[in-house]
Amino acid sequence: MSSIDLILKAHGLRKTTCRRELLSMFVDVASSLTVEEIHKRLETEMDKTTVYRTLDTFESSGLIHRVPDKKNLTRFALCKNGHHGDGHSHDHAHFICNQCEETFCLPEVNLPPAIKVEGYQVNSLHLTLGGVCDECAQKAKSERVKNQ
């Protein structure tokens with residue numbers, strides 16, 4: 001049984017061609033993906049409704065989660081902490097690269113468990129860092145060296 005099939009089985013999901021392809025896509029990328037980016041990467045013909053339904057299924061089972069985007073697009077990223085089902089949380093920061101505009105999960109940067117602000121009921125907390133990702137920094141360094 002492939003690792004993709006094992007992940008689907010662990011999350012109680014049927015092993016369909018669509019689910020296998022989408023999950024493989026998430027496993028293969030380091031950053032997050034929009035629905036448009038997913039649709040462009042598809043190897044098989046799949047309508048957007050099927051993609052959205054599969055993403056909803058993956059999200060509700062704890063395989064993926066929504067991440068922030070510089071342009072307010074909905075992006076999805078693979079949950080790397082291995083949890084699924086009830087009690088699944090995404091209490092980590094995200095990094096948005098100012099050059100490539102990709103969003104990356106930072107599971108090593110945990111959010112505080114609870115924040116109390118007088119006069120407000122806090123239901124969620126998001127921490128987004130901005131800057132330049134390693135890949136873009138390496139490209140810029142390479143360009144500088146090449147132009148010297």
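Throughout, residue positions are numbered sequentially from 1 according to the sequence presented.
Annotation: side chain of Arg66 is in contact with side chain of Phe76 (closest heavy-atom distance under 4.5 Å). The closest side-chain heavy-atom distance from Leu23 to Leu13 is not below 4.5 Å. The closest side-chain heavy-atom distance from Met46 to Glu21 is below 4.5 Å. At a threshold of 4.5 Å between non-hydrogen side-chain atoms, the residues Leu33 and Arg41 count as touching. Using a 4.5 Å cut-off on side-chain heavy atoms (C-beta onward), Phe95 and Leu129 make contact. His126 has its side chain out of reach of His94: every pair of non-hydrogen atoms, C-beta onward, lies at least 4.5 Å apart. In this structure the side chain of Leu55 never reaches within 4.5 angstrom of the side chain of Glu59, judged on heavy atoms.
More than 12 non-hydrogen atoms from other residues, nucleotides or ligands lie less than 6.0 angstrom from CD of Glu101. The environment of Glu108 atom CD is dense: over 12 non-hydrogen atoms of other residues, nucleotides or ligands sit within 6.0 angstrom. In Lys70, the NZ atom is crowded: over 12 heavy atoms of neighbouring residues, nucleotides or ligands sit closer than 6.0 Å.
By the rule that hydrophobic residues join a cluster once side-chain heavy atoms approach within less than 4.5 Å of another member, Leu63 and Val27 end up as members of one cluster. Cluster membership check: Val67 does not share its hydrophobic cluster with Met25, using side-chain heavy-atom separations under 4.5 Å among Ile, Leu, Val, Met, Phe, Trp and Tyr. There is no path of hydrophobic side-chain contacts, each under 4.5 Å, that joins Val132 to Val145. The same ILVMFWY cluster, assembled from side-chain heavy atoms under 4.5 Å apart, contains both Ile64 and Leu42. Note on Leu73: it does not cluster hydrophobically with Val35, by side-chain heavy-atom contacts below 4.5 Å among ILVMFWY residues.
Taking Arg20 as the reference, Ile4, Asp5, Leu8, Lys15 meet the side chain to side chain contact (heavy atoms under 4.5 Å, CB included) condition, with sequence neighbours excluded.
The distance from atom NZ of Lys71 to atom CD1 of Ile96, rounded to the nearest 0.5 Å, is 11.5 Å. Taking CZ from Arg19 and OG from Ser61, the interatomic distance works out to 8.0 Å, rounded to the nearest 0.5 Å. Put simply, CZ on Arg53 and SG on Cys18 are 11.0 Å apart, with the number rounded to the nearest 0.5 Å. The distance from atom NE2 of His39 to atom CD of Glu45, rounded to the nearest 0.5 Å, is 7.0 Å.
Under 4.0 Å is where a charged nitrogen must lie from a carboxylate oxygen, and between Glu143 and Lys146 at least one such pair does. Ionic pairing of Lys40 and Glu36 is not present here: no N-O contact between side-chain nitrogen and carboxylate oxygen is shorter than 4.0 angstrom.
Closest approach of Ser32 to Arg75, counting heavy atoms only: OG-NE, 2.7 Å. Contact record, Cys136 with Gln99: CB-OE1, 3.4 Å, taken as the closest heavy-atom pair. Between Phe104 and Ser31, the shortest heavy-atom distance links the atoms CE2-CB, 3.5 Å.
A side-chain donor-acceptor contact under 3.5 Å links Thr103 to the backbone of Pro68.
The aromatic rings of Phe26 and Phe58 sit perpendicular, their planes meeting at an angle over 60°, well past the 30° parallel limit.
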